[in-house]
Structures are given as C-alpha cells and as structure tokens.
Amino acid sequence: MKTPEAYYAQAREMFFTAHPDFQAALDELTESDARAANLSLRQLREWHAERIYAAFLRQKNLDGMIFSIQLAEPDKAVAAEAIETYLKSHAASLGMSWEEFCIKNEL
C-alpha cells in the first residue's frame, strides 16, 4: 500500500492528464518567470501545479487525501484500507482515539 502522499502525487498527475489546458499553462512558464519568483523552473511549475490541484479540491469541497486515494487506487479494498490508515493517523494527530474520531465524524 502506498503512502497518502504517494496517492496524492499520483492523483495530481492524473488530474493534469485529464485537464491538458492546465498542463499547457504550466508548460508556458519560462525560466524568466522562475527567476522573477526566485525559484527554479521545476519549483515554479510544481508550486503552480499544487495551487491548481488544491483549488480544484477546494472548489469541489473534497478532502484532498481521501479523494486522491479513491482516484489513484483501482482496488477498492486497498483504497478502503489506505483511507482508514490515513484517518487513523489523522485521529492520532488530533489526540483522539479511533473510536472517538469515528463517533465525532459519524463514520
């Protein structure tokens, strides 16, 4: 099973493949644009790609990690396990037990 971050990166790639207009906009960024931002061209494109994908997720009111796992993992059982693992780590970071987290979030 991949990490949530790996699923996120894969889903973001899939998003740009499905939306070539956004990819074209990234491809139009130049070395001059990067220098003006005090970044490398790769860093500037990465920064804009993240902003575009995050804006899409916000517009659709989606949890980025859960959506990304669902999009990038074709095996539903593996996706469910990855989502549960992600949510358990989220609960732990909030200092909640898994049971408390499930009750609070009606899972």
Side-chain angles (χ1 to χ4, degrees):
M1 182 170 51
K2 300 175 193 166
T3 65
E5 295 80 13
Y7 282 118
Y8 185 90
Q10 182 181 353
R12 196 176 80 178
E13 283 181 31
M14 295 169 74
F15 171 81
F16 281 98
T17 299
H19 296 90
D21 50 331
F22 289 133
Q23 184 60 55
L26 292 175
D27 293 342
E28 289 177 9
L29 293 169
T30 66
E31 288 289 345
S32 176
D33 298 325
R35 276 192 302 278
N38 206 23
L39 299 169
S40 70
L41 183 56
R42 184 190 63 74
Q43 289 171 320
L44 182 63
R45 286 180 175 161
E46 178 69 20
W47 185 76
H48 279 292
E50 181 57 32
R51 291 187 61 204
I52 291 167
Y53 188 57
F56 165 78
L57 294 169
R58 274 191 313 276
Q59 178 190 27
K60 300 293 184 184
N61 200 28
L62 298 168
D63 179 295
M65 289 298 186
I66 292 174
F67 172 76
S68 296
I69 293 168
Q70 290 171 327
L71 181 63
E73 180 54 65
D75 185 319
K76 293 197 185 300
V78 173
E81 183 180 343
I83 290 168
E84 184 175 328
T85 300
Y86 164 69
L87 290 175
K88 282 181 177 179
S89 71
H90 190 64
S93 70
L94 293 171
M96 299 174 77
S97 72
W98 177 236
E99 293 75 24
E100 291 172 314
F101 185 83
C102 288
I103 291 167
K104 180 176 180 180
N105 292 284
E106 299 177 2
L107 301 177

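Numbers for residues simply follow the sequence, beginning at 1.
Between K88 and E84 there is a salt bridge, with a side-chain nitrogen of the basic residue lying less than 4.0 Å from a carboxylate oxygen of the acidic one.
At distances below 3.5 Å, not a single donor-acceptor pair connects side-chain atoms of N105 with backbone N or O atoms of C102. Side-chain N or O atoms of H48 include none that pairs as donor or acceptor with a backbone N or O of L44 at under 3.5 Å.
Criterion: ILVMFWY side-chain heavy atoms under 4.5 Å apart, direct or through other members. Under it, I69 and M14 are part of a common hydrophobic cluster. Taken together through direct or relayed side-chain contacts under 4.5 Å among Ile, Leu, Val, Met, Phe, Trp and Tyr, I103 and L107 form parts of separate hydrophobic clusters.
Taking 4.5 Å as the limit, every side-chain heavy atom of T3 sits out of range of all side-chain heavy atoms of Y8. Inter-residue side-chain proximity for F67 and L71 is flagged as met; some heavy-atom pair is nearer than 4.5 Å. With a 4.5 Å cut-off on side-chain heavy atoms, F56 and F22 do not count as touching. With a 4.5 Å cut-off on side-chain heavy atoms, Q10 and K2 count as touching. Considering only heavy atoms from C-beta on, L41 stays 4.5 Å or farther from D33 through its side chain. Two residues are said to be in side-chain contact when any heavy atoms from C-beta on lie closer than 4.5 Å; S68 and Y53 meet this criterion.
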One pair to check against side-chain hydrogen bond (donor to acceptor under 3.5 Å, both in side chains): Q70 and K76. What are the steps and the verdict? CA-CA 8 Å; Q70 290 171 327; K76 293 197 185 300; over 6 Å; no
R12 vs E46, salt bridge (charged side-chain N to carboxylate O under 4.0 Å, His left out): CA-CA, chis, key distance, verdict: CA-CA 11 Å; R12 196 176 80 178; E46 178 69 20; 2.7 Å; yes
With side-chain contact (heavy atoms from CB on, under 4.5 Å) as the test, would you mind laying out the steps for L87 and I66 before giving the verdict? CA-CA 9 Å; L87 290 175; I66 292 174; 4.0 Å; yes
Start with the C-alpha distance between Y7 and M65, add both sets of side-chain angles, then the distance that settles side-chain contact (heavy atoms from CB on, under 4.5 Å), and finish with yes or no. CA-CA 8 Å; Y7 282 118; M65 289 298 186; over 6 Å; no
Before you tell me yes or no, could you show the steps for W47 and Q43 under side-chain contact (heavy atoms from CB on, under 4.5 Å), namely the whole-Å CA-CA distance, both residues' side-chain angles and the distance that decides it to 0.1 Å? CA-CA 6 Å; W47 185 76; Q43 289 171 320; over 6 Å; no
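Considering CZ of R45 and OG1 of T30, their distance stands at 8.5 Å, rounded to 0.5 Å.
Every ring pair (Phe, Tyr, Trp, His ring centres under 6.0 Å) that F101 has, sequence neighbours left out, goes to H90, W98.
Contact between S97 and A91 at its shortest, heavy atoms only, is O-CB, 4.3 Å.
Within a 6.0 Å sphere centred on CG of N38, heavy atoms belonging to other residues, nucleotides or ligands number 12 at most.
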